[in-house]
Amino acid sequence: MTRAGLDQTSQLLAGKHALVTGGSRGIGAAVTRALLTHGARVTVLARNSSGPEDGPDFVKADVSDSGAVSQAFADARERAGAIDILVNSAGQASSAAFLKMDLELWRSMMAVNLDGTLHCIRAALPGMLDTGWGRIVNIASTAGLTGYSYVSAYCAAKHGVIGLTRALALEVAARGVTVNAVCPGYTDTGMLNQAVANIVARTGRTPEQARAELLGRNPQRRLVQPDEVANAVAWLCLPGSEAITGQAIAVAGGEVM
């Protein structure tokens with residue numbers, strides 16, 4: 001689907017209720033828009049949002065808190081019905097040289113990126129199995145497919161997300177539920193601005209030099225756009241993608257093959 005396609009509506013997901021974590025900004029916001037264009041009812045789960053917290057399309061929770069996640073998913077089901085599609089987009093990235101990385105940083109990366117994915121799947125999967133249909137898409141990263149220096153905790157967490165994706169896909173393959181991961185490369189979001197700031201602080205380079213370094217890792221010499229990631233997510237939820245499960249799909253301009 002092209003960018004122009006996001007300006008049209010299809011109704012291919014009409015009657016489906018999607019919950020998108022981290023759906024108020026960056027890749028999550030792009031995913032929310034893409035699913036809406038296909039007619040899905042979308043609930044955004046976010047830790048912070050400018051949207052109405054008492055509205056039908058927003059629930060608030062920190063994904064690292066299993067109790068808060070359970071309550072948020074219950075609220076979403078009460079407002080909009082069973083959850084058919086789950087997109088785990090909430091995430092954080094922090095950097096440090098390995099020997100300077102403290103245990104708090106390690107645990108925070110696991111808590112949000114890996115444990116958060118686990119908590120949300122556990123809250124959504126029973127309903128999908130009951131209805132015999134479901135789509136789970138985990139936003140991982142090329143950091144889950146390869147290694148990057150100075151982000152060992154983040155890489156480990158995202159590798160964990162991909163391992164979880166593959167294992168769960170096998171467990172539910174015959175029950176109408178698919179489980180996939182989408183792995184963006186450097187994407188033009190607020191998280192990328194944080195990566196640029198980290199490079200500047202660590203190396204003394206200018207922001208322009210730091211940004212050029214990240215661009216250079218993409219063979220297309222550009223940043224991935226959030227809508228490009230959202231297009232991949234939407235495709236995995238649309239009719240015709242039923243045979244795609246257990247996959248980790250890189251959206252990275254050829255950086256990882």
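The figures that follow rest on heavy atoms only: side chains count, while hydrogens, waters and symmetry mates do not.
Remark: of the listed residues Ile27, Asp227, Leu223, Leu223 is the sole one forming a side chain to side chain contact (heavy atoms under 4.5 Å, CB included) with Asp188.
A side-chain donor from one of Ser10 and His38 sits under 3.5 Å from a side-chain acceptor of the other. Remark: the Ser95 side chain and the Tyr148 side chain contain no N/O donor-acceptor pair separated by less than 3.5 Å.
In this structure the side chain of Val229 reaches within 4.5 angstrom of the side chain of Val182, judged on heavy atoms. Within the 4.5 Å cutoff, side-chain heavy atoms of Thr189 are placed close to those of Pro226.
Formation of a donor-acceptor pair under 3.5 Å by the Arg41 side chain with backbone atoms of Leu36 is not found in this model. Asn180 places a side-chain N or O within 3.5 Å of a backbone atom of Gln247 that can act as its donor or acceptor partner. Of the possible donor and acceptor atoms, none in the side chain of Glu78 sits under 3.5 Å from a partner among the backbone N and O of Ala76.
The side chain to side chain donor-acceptor pair (under 3.5 Å) test applied to Thr165 returns Asn138, not counting sequence neighbours.
Scanning all heavy atoms of the two residues, the minimum distance from Met128 to Asp84 falls at CE-O, 3.5 Å. In plain terms, the two heavy atoms of Leu19 and Phe73 that are nearest each other are CD2-CZ, 3.7 Å. Of all heavy-atom pairs between Ala46 and Ser24, the closest is CB-OG, 3.7 Å.
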**Request:** Would you check, one step at a time, whether the test side chain to side chain contact (heavy atoms under 4.5 Å, CB included) holds for Cys183 with Ile162?
**Result:** CA-CA 9 Å; Cys183 304; Ile162 292 174; 3.8 Å; yes
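Salt bridge absent: Glu171 and Arg166 never bring a charged side-chain N and a carboxylate O closer than 4.0 Å.
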